[in-house]
Amino acid sequence: MFNAEQYHFPSMRYCTYAGRGMVSTSQPLAAQAGLDMLKRGGNAIDAAVAAAACLTVVEPNNNGIGSDTFALVWSGGKLHGLNASGPAPAAISLEKLAERGFKEMPAHGVVPVTVPGAPGAWAELSRRFGRLALTESLAPAIGYAEDGFNVATLAAEAWQFHVDIYAASKVPEVRTWFETFADASGKAPRAGERFRLPHHAETLRRIAETGAAEFYVGMYADRIDRFMREHGGYLRKSDLAAFRPEWVEPISVNYRGYDVWEIPPNGQGLVALMALNILKGFEFDSPYSPETLHKQFEAMKLAYTDGKAYITDSRMMKVKVEDLLSDAYAEERRRLIGSAAREPFVGKPQKGGTVYVCTADSEGNMVSLIQSNYMGFGSGVVIPGTGISLQNRGHNFSLDPSHDNCLQPGKRTFHTIIPSFLTRGGEAIGPFGMVGGFMQPQGHVQMIMNTVDFGMNPQQVLDAPRWQWMEKLAFQMESGLPEEAAIARELIGRGHQLTSGCRPNGNFGRGNVIWRLPNGGGFAGASDFRSDGSVACW
């Protein structure tokens with residue numbers, strides 16, 4: 001009757017409004033799972049946990065039980081940060097990898113796996129702020145894993161992409177992926193096809209019943225340990241048992257009267273804040289004038305170059321966050337922006353594959369949560385009989401002993417996933433975020449400027465064509481800009497190596513937004529057309 005995977009025309013979405021509660025994420029079933037919690041008497045935290053767990057089932061191409069998680073929680077008139085990214089195993093070292101011939105951290109297999117933080121994050125969020133039992137919050141995810149769900153369009157595309165990658169891989173342990181995420185003939189499910197993850201269901205059930213203890217000190221910790229030993233990995237049960245999600249103080253900059261909040265390092269949210277700190281010294285009259293784009297490009301290059309040089313485990317950073325975010329350092333970097341493009345360099349301040357969920361409830365609670373296996377399904381390793389797909393966050397470690405983010409046992413690596421939050425005058429406006437690896441801080445900057453400088457509503461903020469820095473002077477820009485050809489010519493004339501007219505897709509990030517309406521009037525939310533997502537509300 002129709003081809004479920006074929007679309008000829010760009011879609012148009014409108015801003016969603018509601019008065020009692022809202023959940024926005026990249027998959028409709030997960031959004032509905034979060035809304036179910038609100039309708040059962042749960043709060044925004046319960047909704048976020050339910051949606052996050054559900055996404056490991058219905059969007060496994062971007063996250064899983066073996067993911068890491070970060071969250072910003074607005075509750076009781078205060079913003080709280082949770083870092084649930086795990087460290088490198090205690091048994092790993094530069095010397096051991098050198099003996100095995102590794103010149104850089106691999107992307108797949110058991111070597112880049114660090115301690116997964118997602119189950120611990122769900123349990124900790126539920127314990128501290130939730131109203132419902134974890135067994136109730138995880139029930140929708142368990143139901144979809146056990147009874148089956150219909151695979152969404154973009155998830156099916158990514159699923160097939162990874163079939164091809166793992167089929168061609170020379171890393172033997174990734175073969176376990178096919179036992180869980182492919183059919184008997186080794187094929188990925190197609191869009192609309194019903195798919196079940198029964199082992200995943202049982203694992204989630206045990207995590208819910210034990211508050212994640214079964215994952216970190218019980219049967220699943222034993223299975224992970226055994227698999228790692230058998231295949232030359234370094235993660236051990238002792239690493240899992242030692243892990244605790246960490247409550248952290250969020251960091252912020254003030255941008256034209258609005259406070260923009262991020263999780264502190266080891267997350268890369270610092271990059272977005274540094275770029276905004278530079279940009280707040282300029283005035284902008286149009287979102288897509290060559291002058292606006294030029295200054296955005298230059299600020300982002302400067303911020304990202306510093307971020308890639310300095311961001312690592314906060315306990316081991318050689319440069320202080322407050323120095324990187326100082327007005328003096330922002331002015332120093334701002335003075336480097338002239339009329340022509342230039343290759344960025346690291347400054348020296350004076351000392352002084354992912355899913356995103358945002359939720360809100362009528363009691364004032366709001367959550368910004370992001371969760372990821374990195375690089376799609378992550379390491380490609382799935383612990384047999386459990387549904388646990390393990391992330392490959394260790395791939396971001398450097399093996400250069402002189403680099404700030406060099407691999408060390410027990411160290412957290414530079415992390416791409418970053419939730420964000422916006423406030424003004426100490427009052428919450430709301431959560432926002434974007435998935436897409438190194439696109440994320442670039443997306444955050446564009447989302448904030450589209451909101452604050454150019455007055456766009458949440459859906460316009462997400463629909464607007466995006467750009468991204470690739471390397472050196474190279475940028476890509478989506479199609480859809482007014483007078484696109486003329487803008488591109490001027491930017492190229494300034495020295496930017498620009499590829500314009502790119503098809504809007506997940507490579508430019510996939511975002512979600514919920515803003516609180518003034519005077520207690522409810523919420524305005526949006527979900528990115530570049531994703532399978534939606535806004536669920538009441």
Side-chain angles (χ1 to χ4, degrees), residues 64-70 82-121 123-124 171 173 207 212-248 265-267 311-318 372-374 378-383 386 388-417:
I65 298 174
S67 283
D68 281 346
T69 301
F70 291 85
L82 183 68
N83 181 331
S85 65
I92 202 169
S93 70
L94 289 175
E95 294 74 22
K96 289 178 181 178
L97 295 188
E99 289 172 2
R100 294 174 62 176
F102 288 106
K103 304 296 184 184
E104 60 182 22
M105 286 294 286
H108 298 134
V110 292
V111 173
V113 178
T114 58
V115 177
E124 181 63 14
V171 180
E173 57 266 33
I207 287 171
E214 193 73 15
F215 184 88
Y216 291 102
V217 297
M219 175 180 69
Y220 296 110
D222 289 330
R223 290 189 182 185
I224 292 170
D225 187 298
R226 185 164 57 250
F227 187 92
M228 288 288 165
R229 292 178 188 273
E230 290 173 354
H231 293 85
Y234 298 99
L235 188 63
R236 300 288 182 263
K237 184 176 182 179
S238 55
D239 296 312
L240 294 163
F243 175 74
R244 300 290 184 277
E246 180 185 4
W247 290 103
V248 296
N266 54 318
I311 293 174
T312 187
D313 191 318
S314 59
R315 300 167 300 171
M316 303 175 188
M317 281 184 64
K318 298 175 183 177
S372 175
N373 264 358
Y374 195 42
S379 65
V381 174
V382 181
I383 304 301
T386 68
I388 299 171
S389 59
L390 294 170
Q391 40 86 334
N392 60 336
R393 280 295 163 186
H395 178 62
N396 275 329
F397 275 121
S398 170
L399 298 188
D400 177 357
S402 67
H403 197 283
D404 287 27
N405 194 45
C406 179
L407 172 70
Q408 290 182 36
K411 181 179 182 178
R412 286 170 164 161
T413 185
F414 177 108
H415 227 290
T416 59
I417 61 175

Between [X] and [Y], which heavy-atom pair has the shortest distance, and what is it?
X    : Y    : answer
G66  : P116 : O-CB, 3.4 Å
P245 : A121 : CG-N, 4.0 Å
Y216 : F243 : CE2-CD2, 3.6 Å
K318 : S402 : NZ-O, 4.2 Å
I417 : S372 : CG2-CB, 3.4 Å
T114 : P89  : CA-CD, 4.5 Å

Interatomic distance, [X] atom [atom1] to [Y] atom [atom2] [nearest 0.5 angstrom]:
X    : Y    : atom1 : atom2 : value
I388 : S67  : CD1   : OG    : 11.5 Å
T312 : M317 : OG1   : CE    : 8.0 Å
L82  : W247 : CG    : CH2   : 4.5 Å
E246 : R412 : CD    : CZ    : 5.0 Å
F215 : T386 : CZ    : OG1   : 8.5 Å
L407 : L399 : CG    : CG    : 6.5 Å

Using modelled atom types and a 3.5 Å cut-off, is there a donor and acceptor pairing between side-chain atoms of N396 and backbone atoms of H415? no
Less than 4.5 Å apart, side chain to side chain, heavy atoms only: is that true for Y220 and I65? no
Is there a side-chain contact between N373 and S389 in this structure, where contact means two heavy atoms from C-beta onward sitting under 4.5 Å apart? yes
Chi angles and distances behind the side chain to side chain donor-acceptor pair (under 3.5 Å) call for N266, N83: CA-CA 9 Å; N266 54 318; N83 181 331; 2.8 Å; yes
Using side-chain contact (heavy atoms from CB on, under 4.5 Å), reason through I383 and L390 one step at a time and then give a plain yes or no. CA-CA 8 Å; I383 304 301; L390 294 170; 3.8 Å; yes
Between K411 and D313, is the closest basic N to carboxylate O distance under 4.0 Å? no
Using the rule given for side-chain contact (heavy atoms from CB on, under 4.5 Å), can you reason through C406 versus D400, listing the C-alpha separation, both sets of side-chain angles and the distance that settles it, and then say yes or no? CA-CA 6 Å; C406 179; D400 177 357; 5.9 Å; no
For the residue pair S85 / D68, report whether a side-chain donor-acceptor contact shorter than 3.5 Å exists. no
I'd like to know if the side chain of R393 pairs up with that of S379 as donor and acceptor (distance under 3.5 Å, no hydrogens or angles considered). no
Among I92, T413, N392, which one satisfies side-chain contact (heavy atoms from CB on, under 4.5 Å) with P112? N392
Of the options K96, R229, M228, which is the one that meets Y234 in a side-chain contact (heavy atoms from CB on, under 4.5 Å)? K96
Does the side-chain contact (heavy atoms from CB on, under 4.5 Å) test come out yes or no for V115 and L240, once each step is laid out? CA-CA 6 Å; V115 177; L240 294 163; 4.1 Å; yes
In terms of the angle between their ring planes, are H395 and Y374 parallel, tilted or perpendicular, with boundaries placed at 30° and 60°? tilted
